[in-house]
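Reading through the structure tokens given below for one structure.
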Amino acid sequence: MVYVGVDVGATYIRVGLVNEDGQVINKVKTRQPTSGDENTVANVIIKSIRDLTGWGGGIDGIGIGSIGPLDLREGIVPWAPNAPIKRFKLVEPIIKEFRVPVVLGNDAMAAVWGGEYLFGIGKGISNLVYITLSTGIGAGVIVDGHLLVGKDGNAHEIGHVVIDVNSEIQCGCGGYGHWEALGSGGANIPRVIKEFIRGGRSYGSRLYERLVKGEYVSTEEVFQAYYEGGDELARDFIDNYLMKVHAAGLASVMNAYDPELIVLGGVQWPLITWIYLEGGELKNT
Ligand SMILES: [Zn+2]
């Protein structure tokens, strides 16, 4: 049996052929198209599957993990805050093309189920949460061996819990003070660190000088300044602000889902090696 696994991210669309044991036979990565209509993303996936299989035959099913939020009944992403094309179809055009079962889930749902519960570090652990700290913050949740889904597939959109009710920082979803808005990469940390220095304190820091001049400082640069240069502002921001944001988010996860294990993934780098919660077990993937 040969299956296709698709990962629709904010920046890349990855398509892989996998066998029953979850081993990747072949894969291809394409940049998210920057413009197009609601079929453009599906067309990229269809082309990738054709490229991988030669002609698109011989596959037994297709599983898609996508950035959300999702509308599972329609099989679409109705409004993706972090992707260039905001609204796109996933299920219908791909079923039409290949005539095999297509299963859609949020990317973090796919990660917790396939990546951790069936084949990964969470094998056999029936209360398990996978969190991605990336361009956005998402989670996949298994409670008592059941994958949480919800009416539209958003039962675990934990990136949108409110961390700060007084925050004026708006999330991509429209709300304010959400974990994702305050703590995720992409455009969020650059905005948050600008707000952070408004408190009035000044720093002997190159990062601070650049921000005061109105320069754009990326998420990567904030972390680089922290790890390479020991920058005073980067240290204060990450140690005394960002860590609290993540700790508050993780505490909400623990209170909401009562997991035995939380697996952290995504690209918020070495940061994840030193978050810890008392009484909770965190593992770095
Ligand atoms: Zn939000």
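All values below come from the heavy atoms of this structure, side chains included, with hydrogens, waters and symmetry mates left out.
- Between the side chain of T219 and the backbone N or O of G186 there is at least one donor-acceptor pair closer than 3.5 Å.
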Just list the side-chain donor-acceptor pairs under 3.5 Å for residues 4-18, sequence neighbours left out, or say none.
unit_1, atom_1, unit_2, atom_2, d
Y12, OH, R31, NH2, 3.4

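- At least one donor-acceptor pair under 3.5 Å links the side chain of S184 to the backbone N or O of T135.
- Side chain of S134 to main chain of G136: no donor-acceptor pair is present (N/O by atom type, distance under 3.5 Å, no hydrogens or angles).
- Taking a 6.0 Å sphere around NZ of K86, one finds it holds more than 12 heavy atoms contributed by other residues, nucleotides or ligands.
- For the side-chain hydrogen bond (donor to acceptor under 3.5 Å, both in side chains) condition, the pairs that include at least one residue of residues 40-49, sequence neighbours left out, are D37-T40, K47-D51.
- Evaluation of the ring-ring contact (aromatic ring centres under 6.0 Å, His included) rule for H178 yields H160 as partners, not counting sequence neighbours.
- F237 is linked by a ring-ring contact (aromatic ring centres under 6.0 Å, His included) to F196, Y241, counting only residues two or more places apart in sequence or in another chain.
- Among residues two or more places apart in sequence or in another chain, the side-chain hydrogen bond (donor to acceptor under 3.5 Å, both in side chains) test is passed with N106 by E157.
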>> As a quick check of understanding, evaluate side-chain contact (heavy atoms from CB on, under 4.5 Å) for I49 and I62, giving each step before the final call.
In response: CA-CA 10 Å; I49 296 173; I62 299 170; 3.9 Å; yes
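- Qualifying side-chain hydrogen bond (donor to acceptor under 3.5 Å, both in side chains) partners for N19, counting only residues two or more places apart in sequence or in other chains: Q23.
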>> side-chain contact (heavy atoms from CB on, under 4.5 Å) for V222 and I193? Distances and angles first, verdict last.
In response: CA-CA 9 Å; V222 173; I193 197 166; 4.0 Å; yes
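- Considering only residues two or more places apart in sequence or on other chains, N127 meets the side-chain hydrogen bond (donor to acceptor under 3.5 Å, both in side chains) condition with E260.
- Listed by first and then second residue, the side-chain hydrogen bond (donor to acceptor under 3.5 Å, both in side chains) pairs involving residues 60-71 amount to none (not counting sequence neighbours).
- Here I85 contributes atom CD1 and E38 contributes atom CD; the two are 10.5 Å apart, rounded to the nearest 0.5 Å.
- Residue F119 is not grouped with residue V103 when hydrophobic side chains (ILVMFWY) are merged at heavy-atom distances under 4.5 angstrom, including chains of intermediate members.
- Sorted pairs that involve residues 164-190 and meet salt bridge (charged side-chain N to carboxylate O under 4.0 Å, His left out), not counting sequence neighbours, are lacking altogether.
- In this structure, Y117 and W113 have tilted ring planes: the angle between them lies in the 30° to 60° band.
- Residues F98 and L104 fall within the same hydrophobic cluster, defined by Ile, Leu, Val, Met, Phe, Trp and Tyr side chains chained together at heavy-atom separations under 4.5 Å.
- Judged as a side-chain hydrogen bond (donor to acceptor under 3.5 Å, both in side chains), and not counting sequence neighbours, the contacts of Y203 are D236.
- The backbone N or O of N240 sits nowhere less than 3.5 Å from a side-chain atom of R235 that would complete a donor-acceptor pair.
- A salt bridge links R50 with E97: at least one charged nitrogen is closer than 4.0 Å to a carboxylate oxygen.
- Residues that satisfy the side-chain contact (heavy atoms from CB on, under 4.5 Å) test with E228, not counting sequence neighbours, are Q224.
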Side-chain donor/acceptor pairs under 3.5 Å, residues 249-257, sequence neighbours excluded:
unit_1, atom_1, unit_2, atom_2, d
S252, OG, A248, O, 3.1
N255, ND2, A251, O, 3.2
Y257, OH, A155, O, 3.2

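- Between F223 and I189 the shortest side-chain heavy-atom distance falls below 4.5 Å.
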